[in-house]
Undergrad: 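Pasting a structure here, questions to come.
Counting starts at 1 for both ligands and their atoms, following the listed order.
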Amino acid sequence: MLHGFVAVSRDAHSPFAQRLYDIIIVCGRLRQARRDESLQDREEQVLRTKVAIIGAGPAGLLLGQLLHQYGIDNIILERQSPDYVLGRIRAGLLEEGTVTLLDQVGAGARAHAEGLLHEGIELAFAGRRHRIDMKSATGKTVMIYGQTEVTLDLMNARKAAGLTTVYEASDVQPHDFDGSHPRVTYGKDGVTHTLDCDFIAGCDGFHGVSRASVPASALQEFERVYPFGWLGILSETPPVSHELIYSNHARGFALCTMRSMKRSRHYVQCSLDDHVDQWPDDRFWDELKSRLDQEAADSLITGPSIEKSIAPLRSFVAEPMRFGKMFLCGDAAHIVPPTGAKGLNLAASDAHYLSSALREFYDEKSNAGIDAYSARALARVWKAVRFSWWMTSMLHKFPDNGSIGARIQLAELDYVTQSQAAMTSLAENYVGLPF
Ligand code: APR
Ligand code: PHB
């Protein structure tokens, strides 16, 4: 999860531009309604669907496709334009379970064709790199494939299925989810609309309106804000190594990852007060090199950044994930620091649990699944929260932990890379716990 990135360059996204406008799916009924009313009578329109989904990020889009597969109609309301949604650069590592879900909804073909399968990762510390062989420890791999690409594939699948997404919906507001008449109101082109529904799925990210609409007394929130951020750059350069390098260094954490064999994504731990303007490309590359082992530093190929952004790191969980007829899904309910790339994968497991629960409700007339949704999702969420916190704690420089903290980290890294049991534990969590 790379929540909160501020993109400073959109060059990277220009190839999408043509396709983006192609993807804008506006409800035919809305368009017709707008035409009918012309300008004289801009009346409120009332629509109806089974599940009103707020937010067209990976959580909302995947949920929408899964529901569609189960024959459950749904409409997505998204505040931003498709261009904006695809412009957000986030992590790019998929667990096998996430890929299976993409396959299930017919959106996995490009990931299989273009994604890179990784069987291990490298942990760098004290001037050396140590490999964790995830495949031999767990039998599983992870796939390198950008979240932007996942989102685009899901948008295209939604378009192909003829499903409705209202982009640039303003003032989206869920109502009466604790009563018998849940609905969502929103504005589009100056007209207010009401979407009547059986259920609302709040897939609108950390800053969304869904969780914010729940009375504070009904929510319990758990949060840790880390005292540093990640500065990330995307560049048209080959990756340093064929696998990811997570580096613990006295100057701070660094991560070398990739989007393809020609495009790299690199991060360095930075101060929360830093601004991207203070980080010209040369400074970034020098800093990254200084945090890598000699061999990696020597083989690093640098080039101009095509995106540069700073993200804060946070662990956050809101409990429960259900409030009457509204469910939270993805970043709307939880945030993890990106060390381990669990954000998108948790959004996918939530969408799986919620869609199965709703299928059970409609097909089997049973409330069991929807009653169990929050507990089932949270059980997996908390394990990923723990793992992401642990990876973050082991790999970053913590200003307040002093020299003893740094030595304890090295001892832990030494243990994790020597003990088969510890390596297996890391690998099991990294490739994703079952769901
Ligand atoms: N009304 C409608 N849409 C909204 C509103 C609102 N009030 N607030 C936010 N949204 C939209 C956002 O514009 C965004 O497109 O909800 C969507 C939420 O998407 P994400 O933030 O991507 O969250 P999610 O779908 O849960 O995806 C999980 O995985 O790697 C992580 O954080 C990363 O996005 C990622 C996440
Ligand atoms: C990324 O590809 O951006 C990425 C990969 C792994 C992480 C975090 C980010 O742990």
Undergrad: Looking only at side-chain N and O atoms, does T185 offer a donor or acceptor that is under 3.5 Å from a partner on H175?
TA: yes
Undergrad: For D331, take its heavy atoms, then give the atoms of ligand 1 lying under 4.0 Å from any of them.
TA: 23 (O), 26 (O), 28 (C), 32 (O), 33 (C), 35 (C), 36 (C)
Undergrad: Is T257 close to ligand 2, meaning an N/O of one under 3.5 Å from an N/O of the other?
TA: yes
Undergrad: Run the side chain to side chain contact (heavy atoms under 4.5 Å, CB included) test against A406 and tell me which residues pass, sequence neighbours left out.
TA: none
Undergrad: Does atom CZ (R386) have a neighbourhood of more than 12 heavy atoms from anything else shown, all under 6.0 Å?
TA: yes
Undergrad: Quick one: are the ring centres of F398 and F228 less than 6.0 Å apart?
TA: yes
Undergrad: Give the numbers and elements of all ligand 1 atoms closer than 4.0 Å to a heavy atom of L77.
TA: 2 (C), 3 (N)
Undergrad: Considering distance alone, does some N or O of Y430 sit under 3.5 Å from an N or O of ligand 2?
TA: no
Undergrad: Do you see a donor-acceptor pair shorter than 3.5 Å between the side chains of N74 and R158?
TA: yes
Undergrad: Would you mind listing which atoms of ligand 2 come within a distance below 4.0 Å of any non-hydrogen atom of Y246?
TA: 6 (C), 7 (C), 10 (O)
Undergrad: With only distance considered, is W230 within less than 3.5 Å of ligand 2 through an N or O on each side?
TA: no
Undergrad: List every atom of ligand 1 that sits less than 4.0 Å from any heavy atom of A347, numbering the atoms from 1 in the order shown and giving each element.
TA: 28 (C)
Undergrad: Hey, looking at atom 12 (C) of ligand 1, which of Q80, E78, Q147, R79 has the closest heavy atom?
TA: E78
Undergrad: Residue-level breakdown please: for L255 versus ligand 2, do any non-hydrogen atoms fall below 4.0 Å on the side chain, on the backbone, on both, or on neither?
TA: side chain
Undergrad: Under 4.0 Å from a heavy atom of L244: which atoms of ligand 2 are those, numbered in the order shown and with their elements?
TA: 5 (C), 6 (C)
Undergrad: When you measure from the centre of the six-membered ring of F206, is the NZ or CZ of R211 under 6.0 Å away and within 45° of the axis?
TA: yes
Undergrad: Report the member of C203, P58, A169, S170 with the shortest heavy-atom distance to atom 18 (C) of ligand 1.
TA: C203
Undergrad: Out of L344, L346, L328, who is nearest to atom 29 (O) of ligand 1 when you count heavy atoms only?
TA: L344
Undergrad: Show me the donor-acceptor pairs, under 3.5 Å and distance only, between side chains in residues 57-69 and residues at least two apart or in other chains.
TA:
| from | atom 1 | to | atom 2 | distance (Å) |
| --- | --- | --- | --- | --- |
| Q69 | NE2 | Q104 | O | 2.9 |

Undergrad: Check the side chains of R224 and Y226 for a donor-acceptor pair under 3.5 angstrom, ignoring hydrogens and angles.
TA: no
Undergrad: Which atoms of ligand 1 are found less than 4.0 Å from any heavy atom of I54?
TA: 1 (N), 2 (C)
Undergrad: Could you tell me whether T339 and ligand 2 have an N or O pair separated by under 3.5 Å?
TA: no
Undergrad: Using a plain distance cutoff, I'd like to know if P338 has any nitrogen or oxygen under 3.5 Å from a nitrogen or oxygen of ligand 2.
TA: yes
